[in-house]
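All figures in this text were calculated on a predicted structure; none of them were measured in a lab.
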Amino acid sequence: MVGPQEQSGGGAQYSVENTLSHLRVLDGTPAPATTPLTLEDLYRQHRMRLVRLALLLVDEPATAEDVVQEAFTGLHRNWGGLRDAQAALGYLRTAVVNGSRSVLRRRKTARDYTPPHAVNARSAESLAMLTAEHQAVVAALGQLPPRQREVLVLRYYGDLSEAEIAEATGISKGTVKSTASRALDALQKIMAGR
């Protein structure tokens with residue numbers, strides 16, 4: 001049995017990192033391309049991982065699918081303007097983050113006009129795939145401010161470096177680092193309060 005002192009230490013941070021890393025491992029990492037990538041290759045190799053990334057940010061499977069579809073549509077429109085095909089994955093990640101932000105902004109605006117008893121819950125299917133510990137971490141992620149959630153999801157689930165997160169979110173590397181630290185502290189407090 002873990003006592004409250006042990007639980008409030010680094011346990012929550014480890015649990016968050018462990019859970020998001022575990023989800024990343026379950027997804028697997030696509031093999032690096034040996035030939036020039038096509039849009040079809042990108043779609044086949046990265047679509048589901050991007051959907052899961054969006055799902056962690058927006059909490060609704062159908063909305064996550066829509067965000068990723070919009071990202072691929074935007075990539076198709078801008079394919080000729082890419083500096084190289086390898087930049088396409090970065091474009092897609094950034095588009096998914098920005099699309100998720102737009103969804104959350106619209107959702108917040110809509111929430112201002114709905115009764116306070118309306119609940120935004122995860123789907124039963126997505127929760128059934130997670131253990132109780134994973135469910136607690138994912139639920140705690142939902143209580144973080146959007147930027148903190150984005151940074152943690154991109155870092156631990158997306159396995160992106162600070163520089164890649166900064167590029168995808170449009171913030172500086174220093175802000176990424178401090179946001180991640182604050183987010184882990186906030187998650188630790190949320191997890192300790194459960």
With sequence neighbours excluded, tell me which residues meet salt bridge (Lys or Arg N to Asp or Glu O under 4.0 Å) with Arg182.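 By the salt bridge (Lys or Arg N to Asp or Glu O under 4.0 Å) rule, Arg182 matches no residue at all.
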Please report, to 0.1 Å, the donor-acceptor pairs under 3.5 Å made by any side chain of residues 88-96, with sequence neighbours excluded.
from  : atom 1 : to    : atom 2 : distance (Å)
Tyr91 : OH     : Gly74 : O      : 3.2
Tyr91 : OH     : Asn78 : ND2    : 3.0
Thr94 : OG1    : Gly90 : O      : 3.0

Given side chains that start at C-beta, do those of [X] and [Y] come closer than 4.5 Å, heavy atoms only?
X: Ile190; Y: Leu144; value: yes
X: Glu65; Y: Arg47; value: yes
X: Val68; Y: Leu53; value: no
X: Glu60; Y: Arg107; value: yes

Pair His76, Thr73 - check side chain to side chain contact (heavy atoms under 4.5 Å, CB included), show working. CA-CA 5 Å; His76 176 67; Thr73 301; 5.7 Å; no
Shortest non-hydrogen contact from [X] toward [Y]:
X: Leu184; Y: Tyr156; result: CD1-OH, 3.6 Å
X: Ala140; Y: Met191; result: CB-SD, 3.7 Å
X: Val51; Y: Ala64; result: O-CB, 3.6 Å
X: Ala180; Y: Val151; result: CB-CG1, 3.7 Å

Under the side chain to side chain donor-acceptor pair (under 3.5 Å) test, residues paired with [X] that sit two or more places apart:
X: Asp66; answer: none
X: Gln69; answer: none
X: Ser181; answer: none

Could you give the distance from NZ (Lys177) to OG (Ser172), rounded to the nearest 0.5 Å?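 Reported value, rounded in 0.5 Å steps: 11.5 Å.
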When rounded to the nearest 0.5 angstrom, what is the spacing between CD1 in Ile165 and CD in Glu167?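 Ile165 atom CD1 to Glu167 atom CD measures 11.5 Å (nearest 0.5 Å).
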Can you check whether [Y]'s main-chain N or O pairs, donor with acceptor, with [X]'s side chain at less than 3.5 Å?
X: Glu70; Y: Val67; answer: no
X: Thr63; Y: Asp59; answer: no
X: Thr179; Y: Val176; answer: no

Take Phe72 and Leu42 through the side chain to side chain contact (heavy atoms under 4.5 Å, CB included) test and state the conclusion after the steps. CA-CA 9 Å; Phe72 274 101; Leu42 285 167; 4.2 Å; yes
Can Lys189 and Gln143 be said to form a side chain to side chain contact (heavy atoms under 4.5 Å, CB included), step by step? CA-CA 11 Å; Lys189 290 175 185 168; Gln143 295 178 38; over 6 Å; no
Test side chain to side chain contact (heavy atoms under 4.5 Å, CB included) on Leu154 and Leu57 and set out the steps. CA-CA 10 Å; Leu154 290 171; Leu57 296 173; 5.5 Å; no
Salt bridge (Lys or Arg N to Asp or Glu O under 4.0 Å) contacts touching residues 136-154 (sequence neighbours left out):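 Checked against salt bridge (Lys or Arg N to Asp or Glu O under 4.0 Å) - neighbours excluded - the pairs reaching residues 136-154 are Arg101-Glu150.
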